[in-house]
Amino acid sequence: MSKKQAKSFDVIVIGAGPAGYSSAIRCAELGLRTACVDNWHDEKGRSNLGGTYLNAGCVASIALLESAKIYQSITHNLKEHGIQVEGVSVDIAQMMQRKNNIIDALSRQIADSFAHYKIDCIRAEAKLLNERLVEITPTDHSAVSIIEAKHIILAAGSSPIDLPCAPIDNEFIIDSTMALNLNAVPKRLAIIGAGIIGLELAGIWNRLGAETILLEAQESFLSMADQQIAREAYRIYTEQGLELRLGARVISAKKGSKKASLERSRKVTVEYQDSEGTHALRVDKLIVASGRKPNTENLAAAEANLLLDENGYVHVDENCRTTLPGVYAIGDLTLLGPMIAHKGIEEGLFVAEQVAGLHHPVNYDLLPSVAFTDPEIAWVGQTEQALRAMGEPIKIGTFPLKATARAQAVGQAEGMVKIIAHAETDALLGIHIIGTQASEMIAEAVLAMEFSASSEDLARTIHAHPTLAKALHGAALSLKNKSKP
Ligand code: NAD
């Protein structure tokens with residue numbers, strides 16, 4: 001294939017997920033001539049900006065969970081509200097269509113912003129050749145070309161890790177992307193991995209009627225979360241009908257043969273080991289949600305000498321600078337923070353501003369973590385376990401959601417807020433929430449900690465009543481042994 005003359009930019013961003021698109025837009029806002037190259041396409045070959053987060057991650061998952069919650073509430077909770085309905089059924093194709101419409105609309109918004117800021121949006125596979133040059137192989141198979149820039153921002157994201165013992169066949173053994181595109185509800189579903197992705201997917205399909213079993217190799221549940229909140233999550237999810245098998249390491253998964261009995265007609269046989277030995281489980285679908293890996297396999301030519309670690313993460317300093325001058329890496333490509341969309345967005349803005357000569361570093365200590373399950377889990381700062389391990393003197397205040405009038409009135413009273421403060425200085429060290437709208441409530445916690453608030457500051461802040469945020473207030477008040485709202 002012929003190679004065209006290099007087109008020149010101030011900045012080339014590789015990847016149009018949250019990290020890449022926010023970085024490209026900020027670069028352009030700051031007056032830099034910017035190109036953004038993205039290779040995302042669906043199974044029909046249609047390209048779409050927004051990366052995993054939009055096309056096969058949080059947005060897709062939240063959209064489907066909303067549909068599943070509506071279905072569950074109609075089939076299970078309406079009688080209590082004095083509402084009678086009959087003949088309820090699920091149209092999965094329409095549910096997927098709604099989700100796809102949401103994705104398309106949001107993706108168009110990104111494309112419109114790119115057009116508004118005159119960002120060159122290139123639908124292609126990009127490969128870093130050196131610190132100035134990027135090779136472009138268009139997704140429509142037109143001619144390969146080379147573009148150049150003074151600064152290159154790598155934001156190529158991550159993809160599901162393949163598990164050799166459970167090879168994806170895109171039919172019965174599927175990854176998390178396909179699990180958001182099923183055309184029917186499986187009768188019995190197993191999920192490898194009870195991490196955030198496994199739990200988010202389980203909550204959708206279980207609500208739509210799938211018997212759902214999560215197989216998790218670790219003995220502990222949600223080990224990155226505060227363990228009191230994790231125990232509460234385990235109890236709530238189990239009561240909702242999820243079967244959580246901990247200490248269960250999957251060792252093989254094979255397509256089963258069709259036999260007479262229902263049990264034998266199930267499509268996949270999963271073998272797993274736990275403390276009691278080896279077990280076989282037959283299911284209709286198996287989702288592999290055993291983690292994600294950075295997309296660095298074909299990101300840079302060997303001659304570029306981009307330094308990666310042994311797991312493929314791009315080596316960066318605290319300013320997201322790679323070992324190549326003028327080349328940055330952000331989002332899921334690095335180990336600077338967890339794989340979450342808002343970390344990528346913040347790094348995208350941070351790097352764009354660095355390129356433009358500004359400097360607003362990311363506060364990694366106060367990145368909120370969120371699981372978009374139902375109920376949601378969200379936290380910021382340190383867990384009780386980490387603080388105790390460090391020997392920090394701490395005090396803890398908790399407040400159950402059911403003690404707030406709002407949670408009772410909307411019938412979403414499961415969960416709690418936990419606040420950890422320094423025993424002597426009263427500084428807020430960690431805030432952990434499980435409950436409806438935890439992802440929204442955590443914003444107040446992040447703001448309080450960003451402004452170095454004490455638990456007394458939070459307790460003295462007037463909260464509207466009745467709101468869910470009163471649980472946060474209640475937890476702060478409980479730290480002071482004051483009366484509860
Ligand atoms: P994860 O690493 O958090 O969880 C995967 C789990 O699979 C692990 O607990 C692991 O022990 C288990 N596992 C691996 N092999 C196994 C086997 N053979 N048998 C049984 N269990 C096995 O990964 P994830 O849930 O896929 O998420 C990937 C990344 O994406 C994480 O960093 C996550 O935080 C991030 N993410 C964040 C959000 C969000 O912010 N809402 C949403 C989705 C993903």
Side-chain angles (χ1 to χ4, degrees), residues 17-19 51-65 157-168 173-180 190-204 213-225 230 233-234 243-253 268 270-275 278-279 281 283 286-295 311-313 331-346 367-380 433-434 438-440 442:
T52 303
Y53 138 85
L54 181 53
N55 294 289
C58 296
V59 174
S61 167
I62 290 170
L64 288 181
L65 179 60
S158 61
S159 47
I161 291 177
D162 296 327
L163 212 52
C165 66
I168 304 290
I173 306 178
I174 59 175
D175 65 13
S176 52
T177 302
M178 187 155 248
L180 293 165
I191 301 178
I192 305 181
I196 291 184
I197 295 185
L199 288 167
E200 288 179 351
L201 293 170
I204 295 168
I213 303 149
L214 287 123
L215 300 167
E216 169 53 58
Q218 289 184 43
E219 293 287 347
S220 61
F221 180 57
L222 287 175
S223 52
M224 63 295 198
Y234 184 91
E243 211 180 308
L244 282 155
R245 298 189 190 171
L246 301 180
R249 177 172 295 280
V250 173
I251 50 169
S252 83
V268 188
V270 187
E271 268 196 323
Y272 66 93
Q273 283 176 338
D274 63 15
S275 54
T278 303
H279 311 266
L281 180 70
V283 293
L286 174 67
I287 301 173
V288 181
S290 55
R292 298 182 65 83
K293 58 173 193 277
N295 287 333
N311 295 316
Y313 288 92
D332 290 3
L333 286 181
T334 81
L335 280 173
L336 267 183
M339 284 186 176
I340 38 178
H342 44 274
K343 179 209 92 135
I345 291 173
E346 288 306 317
L367 269 175
S369 293
V370 180
F372 292 102
T373 45
D374 181 35
E376 294 175 345
I377 305 174
W379 70 92
V380 59
I433 307 173
I434 177 167
S439 62
E440 301 292 338
I442 204 67

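Because only heavy atoms are used, hydrogens play no part in the values below, and waters and symmetry mates are left out as well, while side chains stay in. Read the numbers this way: they start at 1 and go in the same order the structure lists the ligands and their atoms.
Among protein residues, L163, I192, G193, G195, I196, I197, E200, L215, E216, A217, Q218, A248, R249, V250, A289, S290, G291, R292, M339, I340, V370, F372 come within 4.0 Å of ligand 1, judged on heavy atoms.
Closest of all the heavy-atom pairs between R292 and S176 is NH1-OG, 4.1 Å. Nearest approach of A166 to A253, heavy atoms of both residues: CB-CB, 3.8 Å.
The structure places OG1 of T373 at 10.5 Å from CD1 of I204, a figure rounded to the nearest 0.5 Å. Here the SG-CD1 distance, from C165 to I251, works out to 8.0 Å after rounding to the nearest 0.5 Å. Summarising the geometry, atom CG belonging to L222 is positioned 7.0 Å from atom CD1 belonging to I196; distances are rounded to the nearest 0.5 Å.
Shown are I287, I168, D162; of these, the side-chain contact (heavy atoms from CB on, under 4.5 Å) with D175 is made only by I168.
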